[in-house]
Amino acid sequence: MVGNILSAVVWIQSTTFESFLLSRAIGGISEGNVQLSIAIISDVTSPETRSRDLSLVGIAFATCFCIGPPLGAWFSTHPLPITMPGKYELNVYATPAILTLILLSLEVVLLVVALPETRRLGGTSAPASDPKVQKAPARERLATLSRVEFTLTFLSFDLFDWDNAQNGRLLMTIGIISTILQGGYVRRIKNAEALLAGRGVALCATATAIMATLASLQNQRGVATSLLYLAAAFLAFTSATVVNNLNALASMQCDDVVEGDGSKNTHSELTKGRALGKFRSSGQLGRALGPILACAAYWTIGPTPTYAASAVAMIGLYTSMVYGISTGTGSKEKSQ
């Protein structure tokens with residue numbers, strides 16, 4: 001959180017693209033708060049309720065995805081009349097940065113005052129780890145490497161010449177649908193993490209296949225727009241189901257389980273932390289590389305081949321999940 005505050009301070013003073021990029025780099029390095037939130041929820045929940053409670057993280061993201069961009073855009077068009085010492089004026093985007101700094105500072109105070117330590121004391125530091133835990137990160141990396149939603153605004157501008165307001169409505173639609181799904185659908189379904197994650201990947205494949213056809217429907221603007229919103233809705237389902245449920249699956253593989261012979265397979269606290277850390281690091285790698293690869297492919301080979309290749313990759317991922325997760329997550333997940 002201190003790193004995020006430092007990022008906001010640099011952002012307030014940014015007057016060049018390089019300084020703003022430095023601010024985002026500091027913020028990116030400090031993004032461990034999300035991983036810690038997932039670890040905390042894993043500590044204080046049972047396997048039966050973990051995916052439901054982890055969906056709260058996704059709901060928070062989706063809600064902020066709807067509120068944050070419009071709020072930031074509004075404040076950027078209403079700059080504060082602040083003059084720094086030496087007649088140095090803040091840039092037009094300093095207002096949302098100041099608001100960010102205030103919210104981050106309040107969050108730090110809330111964490112210090114209200115958040116107790118959730119790590120169970122007295123755990124051993126045995127180096128042994130369950131090899132089953134090592135199977136999930138590759139799937140997380142593949143699931144996030146697509147990240148084709150980052151090219152949605154490129155596609156809408158190229159095909160329909162949409163402005164910022166129209167693109168904002170499209171992205172807000174994704175956020176609203178994702179929030180509703182996580183609150184009203186994902187949280188109500190118990191013991192079906194692999195099933196929900198698989199459905200999300202399948203709909204991601206469907207969405208990218210639809211997007212691959214839009215360039216050929218450019219002259220049929222009404223049909224193409226409807227299909228774009230349909231693809232956006234499918235991507236919202238993917239956002240609501242895949243990552244949260246894979247997180248839940250990974251955390252449950254780190255739980256202590258009773259084997260068939262009645263013996264208890266216990267993982268040390270250190271082993272659990274390392275396993276979940278590797279899993280989430282794989283996801284962050286995908287989040288970093290995915291947009292770069294997707295955008296580079298979009299501008300190099302065009303939208304249709306990019307989305308078609310993504311659809312094929314998601315179909316392959318879905319197939320591996322159907323035949324892999326259910327057989328590699330232990331007896332508890334098999335019974336589900």
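As the structure is a computational prediction, the values presented were derived from the model and not from experiment.
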Gly27 and Asn4 have their tightest heavy-atom pair at O-OD1, 3.7 Å
Hits for side chain to side chain contact (heavy atoms under 4.5 Å, CB included) against Ala209, two or more places apart or cross-chain, chain-then-number order -> Ala311
Shortest non-hydrogen pair, Met1 vs Val108, comes out as CB-CG2, 3.6 Å
Besides Val2, the hydrophobic cluster formed by Ile, Leu, Val, Met, Phe, Trp and Tyr side chains linked at under 4.5 Å, directly or via other members, contains none
Residue set satisfying side-chain hydrogen bond (donor to acceptor under 3.5 Å, both in side chains) with Thr16, at least two apart, ordered chain then number -> Ser19
Is the closest side-chain heavy-atom distance between Leu170 and Trp162 below 4.5 Å? yes
- prompt: Do Thr151 and Tyr307 have side-chain heavy atoms sitting under 4.5 Å apart?
  reply: yes
message: Determine whether a donor-acceptor pair (N or O, by modelled atom type, separation under 3.5 Å) exists between the side chain of Ser310 and the backbone of Thr306.
response: no
Review point. Under a 4.5 Å cut-off applied to non-hydrogen side-chain atoms, are Leu228 and Ser156 in contact?
Key: yes
Original post:
Are Ile29 and Trp11 in one and the same hydrophobic cluster, where Ile, Leu, Val, Met, Phe, Trp and Tyr link if side-chain heavy atoms are under 4.5 Å apart?
Top reply: no
Rounded to the nearest 0.5 Å, the CG atom of Asp161 sits from the CD atom of Gln166 at a distance of 8.5 Å
Next on the checklist: Let me check something: do Ile174 and Leu203 share a hydrophobic cluster, defined by ILVMFWY side-chain heavy atoms less than 4.5 Å apart, either directly or through other members?
Outcome noted: yes
Those residues at least two apart in sequence (or on a different chain) that pass side chain to side chain contact (heavy atoms under 4.5 Å, CB included) with Leu22 are Val10, Ile26
task = Check whether any side-chain N or O of Ser7 sits under 3.5 Å from a backbone N or O of Gly3 as a donor-acceptor pair, and report yes or no.
result = no
Tyr298 meets the ring pair (Phe, Tyr, Trp, His ring centres under 6.0 Å) criterion, sequence neighbours left out, with Phe154
Q. Are Tyr229 and Arg169 close enough that some pair of their side-chain heavy atoms sits under 4.5 Å apart?
A. yes
Nearest heavy-atom contact between Ala215 and Thr304 is CB-OG1, 3.6 Å
inquiry  = Count I, L, V, M, F, W, Y as connected when their side-chain heavy atoms are under 4.5 Å apart, and connections chain through other members. Are Leu152 and Trp299 then in the same cluster?
reply    = yes
Q. Going by atom types alone, do Ser14 and Ser23 pair a side-chain donor with an acceptor below 3.5 Å?
A. no
Applying ring pair (Phe, Tyr, Trp, His ring centres under 6.0 Å) to Phe157 and not counting sequence neighbours gives none
The reported gap from OG in Ser216 to CG in Leu159 (rounded to nearest 0.5 angstrom) is 9.5 Å
With sequence neighbours left out, the residues meeting side chain to side chain contact (heavy atoms under 4.5 Å, CB included) with Leu21 are Phe17
Taking distance alone, no hydrogens or angles, what donor-acceptor pairs closer than 3.5 Å link side-chain atoms of residues 99-107 to residues at least two apart or in another chain?
| from | atom 1 | to | atom 2 | distance (Å) |
| --- | --- | --- | --- | --- |
| Thr100 | OG1 | Pro96 | O | 2.8 |
| Ser105 | OG | Leu101 | O | 2.8 |

Tracing side-chain contacts under 4.5 Å among Ile, Leu, Val, Met, Phe, Trp and Tyr outward from Leu110 reaches none
Donor-acceptor pair, distance only, cut-off 3.5 Å: does the side chain of Ser239 make one with the backbone of Ser178? no
So, do Cys204 and Val242 sit near enough that their side-chain heavy atoms are less than 4.5 Å apart? no
**Message:** I'd like to check Leu235 versus Met211 (side-chain heavy atoms, cut-off strictly below 4.5 Å). Are they in contact?
**Reply:** yes
Between Asn167 and Thr153, does any side-chain donor sit less than 3.5 Å from a side-chain acceptor?
no
Worksheet item: Do Leu214 and Val223 belong to the same hydrophobic cluster, where Ile, Leu, Val, Met, Phe, Trp and Tyr are linked whenever their side-chain heavy atoms lie under 4.5 Å apart, directly or via other members?
Response: yes
- Query: Can you find a heavy atom in the side chain of Arg199 that is under 4.5 Å from one in the side chain of Thr241?
  - Reply: no
Grouping ILVMFWY residues whenever side-chain heavy atoms fall under 4.5 Å, the cluster of Leu195 otherwise contains none
Residues Ala224 and Leu217: closest non-hydrogen pair is CB-O, 3.6 Å
Next item on the list: Answer yes or no: does atom CG of Asp163 have more than 12 heavy-atom neighbours from other residues, nucleotides or ligands under 6.0 Å?
Entry: yes
Sorted by chain and number, sequence neighbours left out, ring pair (Phe, Tyr, Trp, His ring centres under 6.0 Å) with Phe237 holds for Tyr185
Note: Ala231 and Ala207 closest approach over all heavy atoms is O-CB, 3.5 Å
key: Cluster link Ile98 to Ile5, ILVMFWY, side chain under 4.5 Å   = yes
Ile176 meets the side chain to side chain contact (heavy atoms under 4.5 Å, CB included) criterion, sequence neighbours left out, with Cys66, Met172, Ile180
